[in-house]
Amino acid sequence: MSSELLENLKKRYLTIRNNGLTNVLKIQDETISAIRTFLKKEGFIEILAPIIGPATDPGIRGAKQVTINYYGVPFKLMSSMILYKQMIITSIPKVFALSPNIRLEPLETAKTRRHLTEFRQIDLEVAHATCKEVMELGERMLCHVIDEVKSRCQMELGERLKSLKTPQRPFKRYTYDEAIEILKNKGITIERDGEIPWDAEEALSRAHSEPFWITNYPMTARGFYYMEKEDNPAFLEDFDLIYPEGFGEAISGGQREHRYVKLVERMKKNGENISEYGWYLDMVRMGIPPSAGFGIGVERLTRFICGLENIWDAVPFPKIAGIPSP
Ligand code: ASN
């Protein structure tokens with residue numbers, strides 16, 4: 001990252017005055033409104049997201065959680081509200097929140113142009129739903145948002161208005177194994193039990209002109225809360241949606257493990273300290289409904305819609321790994 005860019009980020013109070021950013025923020029506002037309208041029509045209720053709690057999402061791809069001292073008790077800043085989504089669907093079967101997340105990403109993510117250490121996701125959960133159902137919902141939601149923003153923000157989108165196309169449904173679906181094969185044919189080899197690295201994911205994204213799904217990531221690569229595939233427990237009932245044109249990951253989600261015994265087994269396999277999950281395990285022991293859901297990153301969606309090179313131009317007050325900006 002150039003030192004000029006670094007200075008720019010630290011002096012956001014100057015760069016925020018340029019027209020480009022004003023347009024982006026108007027588009028972001030319409031994007032969020034369009035998602036809210038869509039989800040409410042689908043019967044979802046919006047709740048207020050938690051910001052701190054005794055435990056948070058450990059499945060954050062190498063990023064670190066932040067712990068604070070809450071009256072003598074260690075508390076976490078939410079890295080995602082997944083555990084709380086499983087709590088709320090015991091009372092509201094279709095729920096979403098605009099949830100702020102903090103993840104101390106590794107320093108090298110400053111170069112991916114799509115990682116923030118403070119970001120927001122529209123996080124949703126549906127009781128008794130399957131992966132297939134929430135993936136279909138995600139497709140309709142993305143198409144709706146693009147249609148709405150294109151009709152409401154013609155001036156603000158400028159040149160991007162022409163190149164931003166409403167995707168064709170249904171989106172293409174690859175399993176993780178198929179994605180690994182495609183990468184192999186491109187000369188990129190990946191261990192079959194890990195995450196798809198950021199640059200490989202970007203290469204895959206660049207090779208597509210429409211968004212596409214990758215399903216069934218390996219159990220060893222993701223959080224304990226995704227259900228194992230019944231016919232092949234080494235892989236999960238989960239999915240990512242990848243934007244085309246090199247923009248990379250859009251959505252991450254899956255079906256949840258709601259069975260107490262299985263969940264404890266998974267936590268142990270993932271090396272979790274069970275004693276840190278007090279309320280969560282008490283709740284699951286009492287019984288929670290099966291569910292599926294996902295989160296869509298708001299800044300990444302803005303970056304894609306606006307066709308921006310850098311994620312830090314898709315947020316008013318960007319926080320990038322290693323840069324102490326306002
Ligand atoms: N929001 C994701 C989900 O619903 C979890 C995450 O952000 N890691 O599965």
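Numbering of residues begins at 1 and proceeds along the displayed sequence. Read the numbers this way: they start at 1 and go in the same order the structure lists the ligands and their atoms.
- Put simply, the side chain of S205 gets close to the backbone of F247: a donor and an acceptor are under 3.5 Å apart.
- Applying the 4.0 Å criterion to heavy atoms of Q121 picks out, from ligand 1, the atoms 1 (N), 7 (O).
- Residue-ligand proximity: D57 is placed with a non-hydrogen atom under 4.0 Å from ligand 1.
- Within the 4.0 Å heavy-atom criterion, the part of S252 lying near ligand 1 is the backbone and not the side chain.
- With hydrogens and angles disregarded, no donor-acceptor distance shorter than 3.5 Å links the side chain of S291 to the backbone of V126.
- Heavy-atom proximity to G295, at under 4.0 Å, picks out these atoms of ligand 1: 1 (N), 4 (O).
- Those atoms of ligand 1 with a heavy atom of D123 less than 4.0 angstrom away are 1 (N), 4 (O).
- Tested against R266, the residues E228, E257, E272 include a single salt bridge (charged side-chain N to carboxylate O under 4.0 Å, His left out) partner, E228.
- Here the side chain of T67 pairs no donor or acceptor atom with the backbone of P74 at under 3.5 angstrom.
- The closest approach between a heavy atom of R103 and any atom of ligand 1 is below 4.0 Å.
- Around atom NZ of K172, no more than 12 heavy atoms belonging to other residues, nucleotides or ligands sit under 6.0 Å away.
- Ligand 1 lies less than 4.0 angstrom from a heavy atom belonging to R256.
- Although no hydrogens or angles enter the test, the distance criterion places no donor-acceptor pair under 3.5 Å between the side chain of E148 and the main chain of V145.
- For ligand 1, the atoms closer than 4.0 angstrom to any heavy atom of S80 are 5 (C), 6 (C), 7 (O).
- Proximity of E125 to ligand 1, defined as any heavy-atom pair under 4.0 Å, is not found for any part of the residue.
- Near F294, with a cut-off below 4.0 Å to any heavy atom, the atoms of ligand 1 are 4 (O).
- Contact between Q86 and I288 at its shortest, heavy atoms only, is NE2-CD1, 3.6 Å.
- Counting heavy atoms closer than 4.0 Å to ligand 1, residue N101 contributes nothing at all.
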Stepwise side-chain contact (heavy atoms from CB on, under 4.5 Å) check, Y174 with E181: CA-CA 10 Å; Y174 302 109; E181 268 313 297; over 6 Å; no
